[in-house]
Structure formats: structure tokens, C-alpha cells
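Source: prediction; values computed, not measured.
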Amino acid sequence: MATLYVRNLPDDLYAKLQELAVSQHRSINAQVITLLEEALKTETQQTEEERRKNVPKLLEEMRLRREQLPTDIEWPDSTAMIREDRDR
């Protein structure tokens, strides 16, 4: 099993962690493991359906960002830039 060390933990954060551990009848170590498990579980529980629901939102955000780009700038051709770099 791995060991995790946390350096420079602020005193007030440690005190809150200690209070939470005591209120839930756990050691600080067990409380940290529980908090990490909960945080990582909620982040990775997104289903395929939820991810698919996010696609239209992401596409709309990309479209809006593209519209905000300045139009008076002539953007360089990336193919020409790659060729120029390879010719060096």
C-alpha cells in the first residue's frame, strides 16, 4: 500500500480535518482516505450518457470562442510553417 505525505498543510485546514474526523469517529488517516475516495468517485462517475449530453454544450462554447477571434488578422498557414521548420 502506498504512503502519502502532505507537506506545509495549513494549521487551520488540519484543525478542520481533525474536527471532521472526531465528529465521524475516524482517525485523521481514515478521514483523509474517505475524503479522497469521495472526491475521486464523484469525478469519475460520469456516465457515457452524461458525457454525450455535454457534447452540444462544448461545441457551442467552441463556436462562441471562434466567433470572438479577431477577423482582421491573417493567420499563418500551419502547413507552410511546418515545411519551413523541416527545411532548416
Cluster membership besides Tyr14, Ile/Leu/Val/Met/Phe/Trp/Tyr side chains within less than 4.5 angstrom, sorted by chain and number, is Leu4, Val6, Leu9, Leu13, Leu17, Leu20, Ile28, Val32, Leu35, Leu36

Taking side-chain contact (heavy atoms from CB on, under 4.5 Å) as the test, write out the residues that go with Asp85, two or more places apart. Arg88

In the hydrophobic clustering that connects Ile, Leu, Val, Met, Phe, Trp and Tyr at side-chain heavy-atom distances below 4.5 Å, which members other than Ile82 occupy its cluster, ordered by chain and number? none

Interatomic distance, Asp77 atom CG to Glu84 atom CD [nearest 0.5 angstrom]: 11.0 Å

Distance from Ser23 atom OG to Gln31 atom CD, nearest 0.5 Å? 7.0 Å

Looking only at heavy atoms, which two atoms of Ala21 and Ser27 are closest? And how far apart? CB-O, 3.8 Å

Using a cut-off of 6.0 Å, state whether more than 12 heavy atoms not belonging to Asp12 lie near its atom CG. yes

Listed by chain and number, what are the salt bridge (Lys or Arg N to Asp or Glu O under 4.0 Å) partners of Glu60, not counting sequence neighbours? Arg63

With sequence neighbours left out, what residues match Asp87 under salt bridge (Lys or Arg N to Asp or Glu O under 4.0 Å)? none

Taking atom CD1 of Ile33 and atom CZ of Arg26, what is their separation to the nearest 0.5 Å? 10.5 Å

Taking ILVMFWY side chains as joined if any heavy atoms are under 4.5 angstrom apart, and letting links pass through other members, which residues group with Leu64? none

